[in-house]
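One-based numbering, in listed order, for ligands and for the atoms of each. We number each residue from 1, following the sequence as shown.
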Amino acid sequence: MAKMAASVVETGEDAFRKIFKFYKRRHPPPDFGDVIDFSKCVTNDKIVPVKLDPAAVSDGDAAKVGLHPVKDWRAFNLQGYPGFIFITNPFLRGSQPFWIRQCLKTYPLKPNVCNLDMHMSSADTQDIWAKSVPNLSFPSVGKREPRTLLERLRWVTLGYHYNWNSKTYSANHYTPFPTELHLLSSQIATACGFTGFNAEAGILNYYRSDSSLGIHVDESELDHSRPLLSFSFGQSAIFLLGGTHRQDAPTAMYMHSGDVMVMSGQSRLLYHAVPRIVPAHQEEALVESELRSWQGGAIVEQVSEEDWAVCSRYIRSSRINMTVRQVLGQGQSFPETPSLHQTEDEKNMKRRRYSDSPNIEETL
Ligand code: SIN
């Protein structure tokens with residue numbers, strides 16, 4: 001019989017790494033029995049339903065960014081993780097295609113930064129979508145290397161562009177944060193009690209079915225009193241939420257398409273990781289047939305059939321995650337302004353360490 005995750009850990013060791021490897025293992029596949037599935041409505045002593053303030057965001061404002069009224073959201077706290085809020089897919093039927101299209105077509109556009117910039121000119125990565133669409137063949141067949149830029153896209157940064165090398169943000173590497181994503185983020189944050197949330201930086205991760213995201217803490221932002229928001233689209237994932245030490249065994253949970261996670265308070269600086277992408281259930285896969293149920297609105301406009309054909313093929317085998325962060329507290333500024341121009345050494349170092357996947361690992 002397959003072992004459960006809890007049984008692989010002994011006290012004192014790097015429990016997070018052990019459980020990460022447990023869920024990442026292919027042969028034999030792990031037992032997923034311990035993985036919390038918030039979409040299944042089960043509440044127990046660990047999963048606590050939370051009522052968000054339905055008046056915090058008007059129904060009209062929620063609908064503008066493609067969200068159900070807050071009173072209809074299903075939100076949960078996790079026992080032992082104060083400040084962690086999980087909202088199961090609050091998106092109105094038919095609105096996810098817009099956000100998926102933004103992630104694949106709009107957000108990778110220059111001046112935003114992506115992994116492909118590390119070894120290609122900005123002219124070559126200017127419009128990844130336009131360059132890729134005529135030659136797309138995903139889902140990849142067998143072990144074939146992805147050919148198009150869209151298939152090779154692993155991350156995009158928005159707003160204050162995260163520097164993977166120095167693990168910092170800086171005042172002089174900033175481009176305007178997308179307005180509609182700012183609006184979506186501030187409505188989620190407001191509903192969770194964080195009024196005045198200022199979305200200043202975004203990191204988008206693009207996962208193939210064999211990708212994983214290593215164990216880390218998001219601590220580069222200068223104000224940790226502001227929440228970190230996470231939005232998932234496409235295939236599902238196993239997300240591990242640990243403690244402040246690697247010895248703390250993490251809790252495993254599924255993240256399905258449309259799910260939103262808020263890490264705040266004492267849960268803002270916890271270790272976390274994504275050891276595995278898992279196929280979306282039939283209900284979650286419904287996003288594929290959603291297009292025609294959206295009439296379009298001022299912000300979340302209807303995606304063309306042509307664009308959706310590309311997006312839906314992409315998410316059939318991939319997952320997209322957007323994390324949105326406020327970097328600076330009110331009235332706060334960056335401690336120093338690093339040089340605007342990277343030295344050749346810095347460029348080479350980046351190339352070596354982050355040639356294609358900064359923190360997304362294809363294999364362990
Ligand atoms: C992250 O921690 O940066 C992303 C997590 C995820 O992909 O769900």
Side-chain angles (χ1 to χ4, degrees), residues 16-17 19-20 23-24 35-39 78 81 83-89 96 99-100 103-104 107 113-115 153-164 167-169 181 185 188 199-221 224 226-244 246 250-264 267-278 280 284 314-315 317-327 354 357-362:
F16 202 127
R17 184 171 159 76
I19 296 200
F20 182 91
Y23 282 114
K24 190 172 164 129
V35 184
I36 293 173
D37 194 340
F38 289 98
S39 70
L78 251 191
Y81 297 91
F84 176 80
I85 304 170
F86 194 105
I87 308 166
T88 58
N89 185 12
Q96 284 190 52
W99 294 107
I100 295 168
C103 291
L104 293 175
Y107 298 152
V113 182
C114 72
N115 60 303
L153 189 64
R154 292 290 167 268
W155 56 264
V156 166
T157 54
L158 310 172
Y160 286 118
H161 297 282
Y162 186 63
N163 183 325
W164 300 97
K167 296 186 168 28
T168 58
Y169 302 95
L181 183 53
S185 306
I188 296 279
E200 292 176 317
I203 299 181
L204 276 56
N205 282 318
Y206 301 81
Y207 298 82
R208 294 191 302 182
S209 55
D210 58 351
S211 304
S212 59
L213 178 71
I215 307 164
H216 67 284
V217 177
D218 289 287
E219 59 190 353
S220 302
E221 299 72 28
H224 297 142
R226 305 268 79 196
L228 184 142
L229 314 182
S230 161
F231 301 87
S232 293
F233 300 108
Q235 296 300 297
S236 301
I238 291 186
F239 181 83
L240 296 180
L241 181 65
T244 48
R246 295 275 292 246
T251 298
M253 62 197 85
Y254 287 107
M255 288 200 74
H256 300 303
S257 196
D259 287 347
V260 179
M261 232 174 51
V262 178
M263 290 173 78
S264 68
S267 293
R268 173 65 180 77
L269 295 175
L270 299 183
Y271 278 105
H272 55 280
V274 176
R276 194 182 190 104
I277 301 304
V278 287
E284 283 87 40
Y314 183 93
I315 59 161
S317 58
S318 307
R319 169 179 186 256
I320 306 168
N321 177 267
M322 314 193 277
T323 48
V324 177
R325 304 116 193 272
Q326 175 165 343
V327 176
Y354 300 119
S357 351
N359 48 10
I360 294 206
E361 307 161 4
E362 303 301 332

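- Between F86 and F38, the ring-plane angle classifies as parallel under the 30° and 60° cut-offs.
- Figure legend: cation-pi geometry between R319 and Y207, with NZ or CZ positioned under 6.0 Å from the six-membered ring centre and within 45° of its axis.
- Residue-ligand proximity, V274 to ligand 1, at heavy-atom distances under 4.0 Å covers atoms 5 (C), 6 (C), 7 (O), 8 (O).
- Within the set M261, H272, R319, the minimum heavy-atom distance to atom 8 (O) of ligand 1 is found for R319.
- To the nearest 0.5 angstrom, M322 atom CE is 9.5 Å from I100 atom CD1.
- Interface of L213 with ligand 1, defined as ligand atoms under 4.0 Å from a residue heavy atom, comprises 1 (C), 2 (O), 3 (O), 4 (C), 5 (C).
- Ligand 1 has a nitrogen or oxygen under 3.5 angstrom from a nitrogen or oxygen of Y207.
- When N321, D218, L228 are ranked by how near their heavy atoms come to atom 6 (C) of ligand 1, first place goes to N321.
- Ring geometry for H256 against Y254 counts as parallel: the plane angle stays under 30°, on a 0 to 90° scale with 60° as the upper cut.
- When T323, V324, L269 are each tested for a side-chain contact (heavy atoms from CB on, under 4.5 Å) with L228, only one passes: T323.
- Side-chain contact annotation: S257 with N89, donor-acceptor N/O pair under 3.5 Å absent.
- Of the polar atoms of H216, at least one N or O is found under 3.5 Å from an N or O of ligand 1, judged by distance alone.
- Residue-level proximity to ligand 1 for I203 is absent, since no heavy atom of it falls below 4.0 angstrom.
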